[in-house]
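Inspection log for the structure reproduced underneath, given as structure tokens.
Nothing fancy with the numbering, it's 1 onward along the sequence. All values derive from a computational prediction rather than experimental measurement.
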Amino acid sequence: MDGLIFNSERVVQRSWDYAGEVLGYERFGEHIYNTIGFNVKRREAYFREHVCPDFPMDRFSVLTREKYHQIVDEEGLEVKPGAEELLRFAKEEGYKAALATSSRRAHASSLMAEHGLLKYFDGAVYGDMVSAGKPDPEIYQKACAGIGVAPEHALALEDAPSGIRSAVAAGMRAVIIPDLVEPDQEILNMAWHRYDTLLDVLSLLKEGETC
């Protein structure tokens, strides 16, 4: 969702910079490049390993959440080019669609509903509904099961390397549309396609190239 459907990763990064400054950490937003696609549990483990063993995750979460909502309230949140067009086409053509996001259910479902996008999905799995976050395949396995589609017949759309690893490990084909992080050659080799926008995925489906 973040970085794929919404142009939200840069807002998250700004909120991390703010929280880091309050907590006494410099340039904290740069850590996002190593944690894109992580759920809260996996992100906390990263912070405790790479920042501080007793990293104040609860306080950090409160600060970032407050700053994130302040930015969005003041500036809005942009839907990525092609997102709604792709979802609408998929719905009209009878594709089953599931949301598999590392974001918490309360945040993600509210954001999707607010922008009128939740109606396009037949199922959803959120970051607080899995025991192991991406790159573990659990979230995609559950997403496929939830809509009754075998992974080998499903296509995952991702902006994050950890998401590509998760989808491929689940047995899916994966398309990467990079946001903050450009994939390295290893990720490109794992991906079925690399595109610049979701409009390219829409063209792919209209041309009839499926899994």
Between [atom1] on residue [X] and [atom2] on residue [Y], distance to nearest 0.5 Å:
| X | Y | atom1 | atom2 | result |
| --- | --- | --- | --- | --- |
| R88 | L117 | CZ | CG | 9.5 Å |
| M57 | K41 | CE | NZ | 12.5 Å |
| T64 | H69 | OG1 | NE2 | 9.0 Å |

### Heavy-atom donor-acceptor pair, D184 side chain to I187 backbone, under 3.5 Å
yes
Distance-only criterion, 3.5 Å: show the donor-acceptor pairs between side-chain atoms of residues 136-150 and protein atoms not counting sequence neighbours.
| unit_1 | atom_1 | unit_2 | atom_2 | d |
| --- | --- | --- | --- | --- |
| D136 | OD1 | E138 | N | 2.9 |
| E138 | OE1 | S131 | N | 3.0 |
| E138 | OE1 | S131 | OG | 3.0 |
| E138 | OE1 | A132 | N | 2.9 |
| E138 | OE2 | S131 | N | 3.3 |
| E138 | OE2 | K142 | NZ | 3.0 |
| Y140 | OH | E158 | OE2 | 2.6 |
| K142 | NZ | M129 | O | 3.1 |

If you compare all heavy atoms of [X] against all heavy atoms of [Y], which two are closest, and at what distance to 0.1 Å?
| X | Y | answer |
| --- | --- | --- |
| I176 | A191 | CG2-CB, 4.1 Å |
| L77 | L111 | CD2-CD1, 3.7 Å |
| R10 | D179 | NH1-OD1, 2.9 Å |
| R165 | P135 | CB-CB, 3.6 Å |
| V51 | F55 | CG1-CD1, 3.9 Å |
| M1 | S103 | CE-OG, 3.7 Å |

### Task
Hey, can you tell me if W16 and F47 have their rings parallel, tilted or perpendicular (30° and 60° cut-offs)?
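Answer is perpendicular, since the angle exceeds 60°.
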### Task
On the 0 to 90° scale, with breaks at 30° and 60°, tag the H193-Y195 ring pair as parallel, tilted or perpendicular.
parallel
### Task
State, without any angle test, whether N189 and Q185 hold a side-chain donor-acceptor pair at a distance under 3.5 Å.
yes
### Task
Determine whether the aromatic ring centres of H115 and F6 lie less than 6.0 Å apart.
yes
### Query
Run the side-chain contact (heavy atoms from CB on, under 4.5 Å) check on L155 and Y95 step by step: do they pass?
CA-CA 11 Å; L155 177 65; Y95 286 92; over 6 Å; no
